[in-house]
There are 2 protein chains.
Amino acid sequence: MRTRANKQSGATIKDVADLAGVSAMTVSRVLNSGHRVRPATQERVEAAIRELNYRPNLSARSLAKARSLFIGLLYNNPNPGYVSELLIGLMNRCRQVGYHLVIENFGSTDEEWAADIDGLLSSSNFDGLIVAPPVSDFDSVISAIERADLPCVRIAPEQEPDLFASVRTDDRDAARRMTRHLLDLGHRRLGFIAGDAGHGASRQRMSGFCAALEDAGIELEDALIVEGRFTYRSGLAAAEKLLSMPEPPTAIFASNDDMAAAVVGVAARKGIDVPGQLSVAGFDDTHTATTLWPQLTTVRQPIADMAGAAVDLLTAAINAEPDQDVAQTQRLLPCEVIIRDSSCPVAPDRG
Amino acid sequence: MRTRANKQSGATIKDVADLAGVSAMTVSRVLNSGHRVRPATQERVEAAIRELNYRPNLSARSLAKARSLFIGLLYNNPNPGYVSELLIGLMNRCRQVGYHLVIENFGSTDEEWAADIDGLLSSSNFDGLIVAPPVSDFDSVISAIERADLPCVRIAPEQEPDLFASVRTDDRDAARRMTRHLLDLGHRRLGFIAGDAGHGASRQRMSGFCAALEDAGIELEDALIVEGRFTYRSGLAAAEKLLSMPEPPTAIFASNDDMAAAVVGVAARKGIDVPGQLSVAGFDDTHTATTLWPQLTTVRQPIADMAGAAVDLLTAAINAEPDQDVAQTQRLLPCEVIIRDSSCPVAPDRG
DNA sequence: TGCTTGTTTGCACGCGTTCTCATTGCCGGC
DNA sequence: GCCGGCAATGAGAACGCGTGCAAACAAGCA
């Protein structure tokens with residue numbers, strides 16, 4: 001019985017085998033990295049595959065392999081732009097390597113996840129897991145995965161060396177380069193708006209900022225560093241604080257775009273021209289960065305690359321022998337500093 | 001051989017059957033809407049399922065059913081916030097009904113899709129397709145799906161009655177209600193920034209705007225309606241045009257949030273206070289709407305509901321007999337008008 | 001040539017589920 | 001008391017692919 005679902009390319013491995021004059025086994029071998037197959041045979045098989053437009057049935061394959069071919073993505077939604085790009089990057093790479101991505105999202109706190117994570121891991125049959133921030137730092141989740149003995153890759157986790165593999169961007173280096181950009185424009189009083197203290201990336205970005213100042217021989221001034229929480233609202237308060245100082249900074253580097261947008265908003269209220277009187281820099285290159293006037297100088301993370309790397313690491317771990325230690329690879333990817341209209345050389349009268 | 005993938009919940013249908021003292025067939029019947037099973041038996045089987053924490057193996061199921069259990073999502077990325085929410089809504093509903101979502105994205109024009117769509121449909125084995133805007137209006141894509149004879153649900157397509165089922169929001173009604181909100185605030189000179197003329201929703205929103213004016217007995221003034229293209233940049237030009245009129249509007253309704261953000265930006269440049277001197281309204285309730293000062297009065301689409309409805313319609317079509325006509329259901333969902341800080345009663349000195 | 005070694009190929013079976021068809025009870029009507 | 005019919009259940013065959021093991025084959029060596 002050919003149903004609608006498979007009538008489109010109804011060829012099975014048997015059909016291919018018949019056409020090529022070999023057994024199904026040989027076709028299977030050709031498909032799965034054709035080792036132990038004579039080149040001539042391989043070519044005949046591949047010709048047959050092309051001719052019949054044969055596509056292996058994924059269900060049958062995963063059934064036979066006792067692998068679900070499913071990868072779970074554990075995340076929650078801190079930022080739609082980030083999530084969207086991450087999802088697409090993951091999906092694309094997954095498809096290339098024959099896996100499927102299943103999304104799981106319980107809540108925004110460690111506790112909310114703790115309640116359901118064990119049930120999830122035992123009931124869904126994932127071959128492995130990718131964990132995106134901030135879930136990648138939830139203890140309950142990580143230890144549950146450890147208990148379940150599932151391969152796992154963490155994206156941008158806080159702690160460095162770990163039981164699991166991880167992919168992260170070099171936020172510290174990027175913040176350092178962005179700060180250097182502002183210094184190169186002649187700015188000397190730089191304000192910094194930190195992100196959520198519990199977020200690993202926050203510390204890295206702040207550390208990069210401080211390092212660049214140190215490189216330039218400028219001493220840190222505590223009042224110029226204010227704490228935010230990555231939200232627009234927290235950015236408003238921080239910007240208000242910085243811009244009402246007796247001697248305000250000539251440039252402000254916010255730890256993400258939302259807070260940078262808040263700086264631009266507050267500046268507009270106060271009649272401070274951006275970038276004429278105040279340069280502003282953000283981080284993340286979200287949609288917001290270009291939906292603002294002036295468009296934001298910011299840092300772009302290689303999200304698609306990270307996604308690809310995460311999938312690669314995970315599939316490697318899935319296919320590795322249990323006693324191998326490839327499962328703990330750490331990968332660090334560089335960011336790109338994007339210069340737009342919100343930063344310019346310091347005004348001469350305020351040098 | 002129990003591999004890592006299935007050791008977690010190794011119970012098979014056979015184990016359940018043995019424990020319940022029935023055959024696998026009966027268990028299967030209980031699982032798939034237990035018809036023709038005595039209540040007592042059903043209960044015994046369900047108890048066994050619970051006790052063993054049995055989860056049917058999806059691979060085996062889809063193999064036996066000759067269904068891939070995959071739904072393809074055809075889209076491209078006009079707006080990360082929209083996409084992100086749509087994806088999550090689709091995923092969640094898919095998981096509930098036992099399907100999996102596979103994302104496909106080729107490019108932003110009809111032509112780019114035309115090149116690959118046939119190959120995609122014949123090589124991937126989807127049980128059905130969900131097509132998001134703007135792909136849902138690409139002729140090449142729609143006709144390719146028709147040729148492939150695959151069930152399909154379109155999200156927010158332009159043409160009304162159609163071969164395929166569709167889910168759309170009532171943009172016209174929402175725009176009408178938003179316009180009424182502005183009128184209720186006392187505004188009489190309303191500016192409107194239209195969206196991309198090729199985009200179906202654009203016309204609906206404009207039509208709703210006009211209808212509300214008509215309801216209120218206000219005659220349309222052509223100069224107060226300017227064309228945009230849904231981008232921030234096009235919004236800047238449109239706002240510039242409206243706000244440099246000899247007698248500028250006291251309220252501007254933009255066809256999406258990005259263009260509304262542009263209006264706020266231009267107003268700030270010109271020293272026009274929002275909302276004091278100018279009320280602004282957007283559409284979509286994207287992330288931008290709350291990452292702006294003042295936060296935007298806007299229209300929220302029930303994206304998650306649409307996603308759920310799309311999946312429901314599609315699975316209904318997949319499971320329907322070929323000659324049934326459920327495949328053409330149209331569903332219309334209402335939007336919500338969200339009033340924030342960018343709109344307020346008209347200033348008495350300009351009323 | 002005969003033996004060994006290594007390479008290439010095929011057969012039969014299993015993966016977990018659903019489906020078709022057959023079987024068992026059971027009831028009521030004759 | 002017999003039989004047709006229906007509800008509830010089971011036995012066994014697919015579904016398409018991967019794997020263990022054995023067979024066929026080629027090559028190297030004495």
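Because the structure is a prediction, the values reported are computed rather than measured.
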inquiry  = If the cut-off is 4.0 Å, is B:N32 near the phosphate of C:dT18, judged by side-chain N/O to OP1 or OP2?
reply    = yes
In whole angstroms, the gap separating P of D:dA14 from CD1 of B:I13 amounts to 19 Å
Exercise for review: Establish, from distance only, whether the side-chain atoms of A:S84 and B:S84 form a donor-acceptor pair under 3.5 Å.
Suggested key: no
Would A:I318 and A:Y99 count as a side chain to side chain contact (heavy atoms under 4.5 Å, CB included) if you check the C-alpha gap in whole Å, the side-chain angles of each, and the deciding distance to 0.1 Å?
CA-CA 11 Å; A:I318 290 172; A:Y99 277 81; 3.6 Å; yes
| Do any side-chain nitrogens or oxygens of A:S23 fall under 4.0 Å of OP1 or OP2 in C:dG10? | yes
Which of C:dT8, D:dC15, C:dT17 is nearest the side chain of A:R38? It is C:dT8
When rounded to whole Å, the NZ to P distance for the pair B:K65 and C:dG16 reads 18 Å
Between CG of B:L63 and C1' of D:dA13 the distance, given in whole Å, is 13 Å
Side-chain atoms of A:V37 come closest, of D:dC17, C:dG16, C:dT9, to C:dT9
* When you check the phosphate oxygens OP1 and OP2 of D:dG18, does a side-chain N or O of A:S28 lie under 4.0 Å from one of them? -> yes
Looking at B:E112, I'd like to know if its CD atom is crowded, meaning that more than 12 non-hydrogen atoms belonging to other residues, nucleotides or ligands lie closer than 6.0 Å.
yes
Side-chain contact check for B:A64: nearest option of D:dC17, D:dT9, C:dT17 is C:dT17
Whole-Å distance, A:R67 CZ to D:dC17 P, equals 18 Å
When rounded to whole Å, the CG to C1' distance for the pair B:L58 and C:dT17 reads 11 Å
At under 4.0 Å between heavy atoms, what does B:S59 touch on the DNA or RNA strands: base, sugar-phosphate, or nothing? nothing
**Study point:** From CA spacing to verdict: side chain to side chain contact (heavy atoms under 4.5 Å, CB included), A:V102, A:F126
**Key:** CA-CA 9 Å; A:V102 179; A:F126 296 127; 3.7 Å; yes
Check this for me: does the side-chain of B:R55 come within 3.5 Å of the base of C:dG16 through a donor and an acceptor?
no
Contact under 4.0 Å: B:R61 side-chain N or O vs C:dT18 OP1/OP2: yes
Given the options A:L101, A:V167, A:I130, A:V311 meets side chain to side chain contact (heavy atoms under 4.5 Å, CB included) only with A:I130
Taken to the nearest whole Å, CD1/B:I49 to P/C:dG16 is 16 Å
What is the nucleic acid contact for B:V22, judged by heavy atoms within less than 4.0 Å: base, sugar-phosphate only, or nothing? sugar-phosphate
Looking only at C:dC11, C:dT18, C:dT9, the nucleotide nearest the A:M25 side chain is C:dC11
Considering only heavy side-chain atoms of B:T26, the closest of C:dT17, D:dG10, D:dC17 is D:dG10
Atom CZ of B:R29 and atom P of D:dT9 are separated, to the nearest Å, by 8 Å
Walking DNA chain D from its 5' end, the first of B:A60 and B:P39 to be reached, judged by nearest nucleotide, is B:P39
Taken to the nearest whole Å, CG/B:N57 to P/C:dG14 is 17 Å
> OP1 or OP2 of C:dT9 less than 4.0 angstrom from a side-chain nitrogen or oxygen of A:T41, does that happen here?
Replying inline: yes
If we count only N and O atoms by modelled type, under 3.5 Å, do the side chains of A:S108 and A:N76 hold a donor and an acceptor together? no
